[in-house]
Colleague: 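Quick one: this structure, given as structure tokens, is what I'll be asking you about.
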Amino acid sequence: MISDTIGILMKRIIAAVSGLVLISATVVLTASDSQGTSQKDKQVTVEDGVLGYALSEMLRQLHFTQRQVDDTISMRAYKMYLKYMDYTKQYLLQEDVDKLSRYALNLDDQLRQGNLQFFVMSQEILDKRYDKVHDFYEEILAQPFDFNAKETVETDPDKLKYCATMSELKERWRKRLKLQTLNRFISQKEKQDKKLAKAKENDEDIEELELLSDAELEESARDAIRKNMDTRSRRIAQEDKEDRLARYLNAFAKSFGPHTQFFPPQEKENFDIGMTGQLEGIGAMLQEEDGYIKVTEIVPGSASWKQGELKADDLIVKVAQGSEEPVDIVNATMKEAIKLIRGPKGSEVRLTVQKPDGSLLEIPIIRDVVKVEETYARSATIENKDANHKVGYIYLPKFYSDFRNEGAPTSAGDVRKEVEALKQQGVNGIILDLRNNGGGSLSDAVEMSGLFIESGPIVQVKDPMRPAQVLKDKDPSQVYDGPLVVLINEFSASASEILAGALQDYNRAVIVGAPHTFGKGTVQTFMPVARAFPADHAKDKDYGSLKFTFQQFYRINGASTQY
């Protein structure tokens with residue numbers, strides 16, 4: 001039924017996108033730094049314009065509110081995008097904002113025309129300011145700071161105005177960098193003072209401690225801040241068009257509601273990992289460090305762990321797919337590196353790594369499914385032996401499910417297993433911990449509620465095109481009928497609220513925790529944007545996905561959990 005409704009709407013959207021007249025021209029987004037991403041990677045094409053138009057049609061027709069992409073949405077998107085560009089007001093001048101604001105009510109018109117002129121202009125302005133700030137911080141951090149001078153700095157962006165001149169902007173950066181350096185200096189000073197106090201307490205030779213003077217500590221702190229700024233500048237320079245365009249399109253998506261979002265391909269892949277608790281890859285935790293991709297941890301039981309040669313602190317310098325030529329990833333972004341390292345189960349990736357001793361080693365790894373154990377339900381028992389009382393505790397971080405792979409772990413199935421295991425241990429009651437659980441699979445929330453009741457309605461859902469539907473627990477069996485407590489806090493949302501609300505309405509559980517939960521009473525689903533394109537145009541292409549609100553849900557007593 002739900003898919004039928006969306007299917008009808010998608011046919012309309014495809015027809016609209018097919019009718020868009022494509023102008024054979026390419027607009028180039030100027031690259032600000034030759035050391036960053038290449039010119040080609042920052043080009044905005046006609047296809048990007050069609051992507052924007054397709055997204056606007058999907059938002060207009062699929063979103064629960066059935067809103068038009070109009071001037072109101074345009075103004076919301078403009079304000080949100082301005083925050084994405086420079087939330088801390090450390091780059092743009094007031095004259096830049098004045099120039100951009102002239103288009104605030106035209107963004108909807110441009111999007112419906114497949115026109116990204118405003119986006120291109122905004123990025124050219126921002127790149128110029130990035131260049132100036134790069135010069136600022138290098139000059140500022142080249143000289144020692146005077147910590148005896150009495151100065152104040154405002155760090156709350158909402159209390160700041162955009163700077164009127166470059167000299168004013170430079171002064172804002174000077175104060176911020178001074179504050180950062182001072183914080184670093186104090187931290188280093190405190191560590192050194194503790195080290196000195198401990199040495200005196202133990203009658204150690206103080207001269208062997210190699211203590212730094214205040215001037216040397218200040219210089220060390222400045223060097224650390226400079227390295228941080230260099231890393232920040234490098235990441236900005238390496239941003240590709242996909243990253244930047246996603247932020248622009250997200251400004252429109254978020255204007256329809258806080259839970260509506262555009263996901264470029266890799267972000268959607270990361271979301272799926274969080275939702276399913278597993279990915280196909282090598283099983284290594286990575287981080288960027290001084291231009292290298294560094295291994296910080298090997299996931300136990302993963303492909304890397306079984307192969308045995310990849311270790312924490314290794315630096316990955318090259319990546320090859322099977323017998324293909326290796327690709328150098330020194331100075332690559334984390335996004336680029338992950339795209340090369342991840343891959344389907346059973347495929348081979350060859351990593352050339354630099355070991356801590358400087359030696360190079362090529363490591364072949366056959367990719368496998370990596371399970372992110374932190375995602376899954378787990379249980380424990382809390383026992384008071386004096387009172388001969390034992391309580392079962394189940395922690396559920398999210399309502400996970402993998403709709404693509406039959407037989408993959410689900411939160412409802414795993415909680416069932418934990419409940420049955422706790423019953424075997426003879427617990428006198430069970431605590432289900434949903435604190436900080438932001439939700440997930442609606443069907444799992446319904447199935448999981450059914451573990452604790454005999455049968456009956458769990459939640460009502462409504463979309464704009466049909467009357468409310470009742471989702472029921474159809475299984476008459478009750479896995480657990482004993483005492484039950486559900487723990488919640490203000491970050492328990494969506495599916496967590498459905499389950500807690502249903503068990504409360506059935507008088508089946510005591511709800512314990514914060515005065516209220518998060519207050520999210522809507523249901524979201526994903527739609528690949530490629531589905532909006534004609535079949536021949538979208539063949540084998542991934543334009544990303546739109547997560548949009550398409551239903552509102554209500555408790556069985558008729559109340560909404562929204563807000």
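Because the structure is predicted, anything quoted here is derived from the model rather than measured.
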Colleague: Taking NZ, NE, NH1 and NH2 as the nitrogens, is one of them in Glu139 or Lys170 under 4.0 Å from a carboxylate oxygen of the other?
Modeller: yes
Colleague: Under the rule for ring pair (Phe, Tyr, Trp, His ring centres under 6.0 Å), what residues qualify as partners of Phe548, not counting sequence neighbours?
Modeller: none
Colleague: Could you walk me through whether Phe64 and Phe550 satisfy the ring-ring contact (aromatic ring centres under 6.0 Å, His included) test, starting with their C-alpha distance in whole Å, then the side-chain angles of each, then the deciding distance to 0.1 Å, before giving a yes or no?
Modeller: CA-CA 4 Å; Phe64 182 86; Phe550 75 109; 8.9 Å; no
Colleague: May I have the step-by-step check of ring-ring contact (aromatic ring centres under 6.0 Å, His included) for Tyr84 and Tyr248, ending in yes or no?
Modeller: CA-CA 8 Å; Tyr84 289 162; Tyr248 180 62; 9.9 Å; no
Colleague: Look at Glu218 together with Arg222 and state whether they make a salt bridge at an N to O cut-off of under 4.0 Å.
Modeller: yes
Colleague: Mind checking whether Asn250 and Met80 have side chains closer than 4.5 Å, heavy atoms only?
Modeller: no
Colleague: Taking all atoms of both residues into account, what is the closest heavy-atom pair of Thr181 and Leu177, and its distance?
Modeller: OG1-O, 2.7 Å
Colleague: Could I get the full list of ring pair (Phe, Tyr, Trp, His ring centres under 6.0 Å) partners for Phe147, not counting sequence neighbours?
Modeller: Phe185
Colleague: Would Glu336 and Lys339 pass as an ion pair if we require N to O under 4.0 Å?
Modeller: no
Colleague: State which residue, out of Phe262, Phe263, Tyr53, Phe533, fulfils the ring pair (Phe, Tyr, Trp, His ring centres under 6.0 Å) condition with Tyr543.
Modeller: Phe533
Colleague: Are Lys355 and Asp313 ion-paired here, with the side-chain N under 4.0 Å from a carboxylate O?
Modeller: no
Colleague: Would you call Arg129 and Glu95 a salt bridge, using N to O less than 4.0 angstrom?
Modeller: yes
Colleague: Tell me, which pairs form a salt bridge (charged side-chain N to carboxylate O under 4.0 Å, His left out) where one or both residues lie in residues 315-326, sequence neighbours left out?
Modeller: none
Colleague: Taking NZ, NE, NH1 and NH2 as the nitrogens, is one of them in Lys178 or Glu151 under 4.0 Å from a carboxylate oxygen of the other?
Modeller: yes
Colleague: Do NZ/NE/NH1/NH2 and the carboxylate oxygens of Arg226 and Asp223 come within less than 4.0 Å?
Modeller: yes
Colleague: If you round to the nearest 0.5 Å, how far is CG of Leu126 from CD1 of Ile236?
Modeller: 7.5 Å
Colleague: Which pairs pass salt bridge (charged side-chain N to carboxylate O under 4.0 Å, His left out) with one or both residues in residues 68-91, sequence neighbours excluded?
Modeller: Arg67-Asp70
Colleague: I'd like to know if Arg234 and Glu288 make a salt bridge, using a cut-off of under 4.0 Å between side-chain N and carboxylate O.
Modeller: no
Colleague: With the side chain counted from C-beta on, respond yes when Leu249 and Leu111 share a heavy-atom pair under 4.5 Å apart, and no when they do not.
Modeller: yes
Colleague: What heavy-atom pair brings Ile329 and Ala337 nearest, and what distance separates the two atoms?
Modeller: CD1-CB, 4.2 Å
Colleague: Run the salt-bridge test on Glu239 and Arg247 with the 4.0 Å N-O cut-off and return the result as yes or no.
Modeller: yes
Colleague: Would you say the side-chain atoms of Tyr81 and Ser122 include a donor-acceptor pair closer than 3.5 Å?
Modeller: yes
Colleague: Thr522 vs Gln524, test: side chain to side chain donor-acceptor pair (under 3.5 Å). Steps then yes/no.
Modeller: CA-CA 7 Å; Thr522 55; Gln524 286 73 39; 2.9 Å; yes
Colleague: Excluding sequence neighbours, so at least two apart, what forms ring pair (Phe, Tyr, Trp, His ring centres under 6.0 Å) with Tyr91?
Modeller: Tyr130, Trp173
Colleague: Check whether any side-chain heavy atom of Leu361 sits under 4.5 Å from a side-chain heavy atom of Glu309, and report yes or no.
Modeller: yes
Colleague: Taking ring pair (Phe, Tyr, Trp, His ring centres under 6.0 Å) as the test, write out the residues that go with Tyr103, two or more places apart.
Modeller: Phe118
Colleague: Answer with yes or no after comparing the ring centroid distance for Phe252 and Phe256 against a 6.0 Å cut-off, counting only values under it.
Modeller: no
Colleague: May I ask you to test the Glu362-Leu351 pair for a side-chain heavy-atom distance under 4.5 Å?
Modeller: no
Colleague: Are any non-hydrogen side-chain atoms of Arg244 and Asp127 less than 4.5 angstrom apart?
Modeller: yes
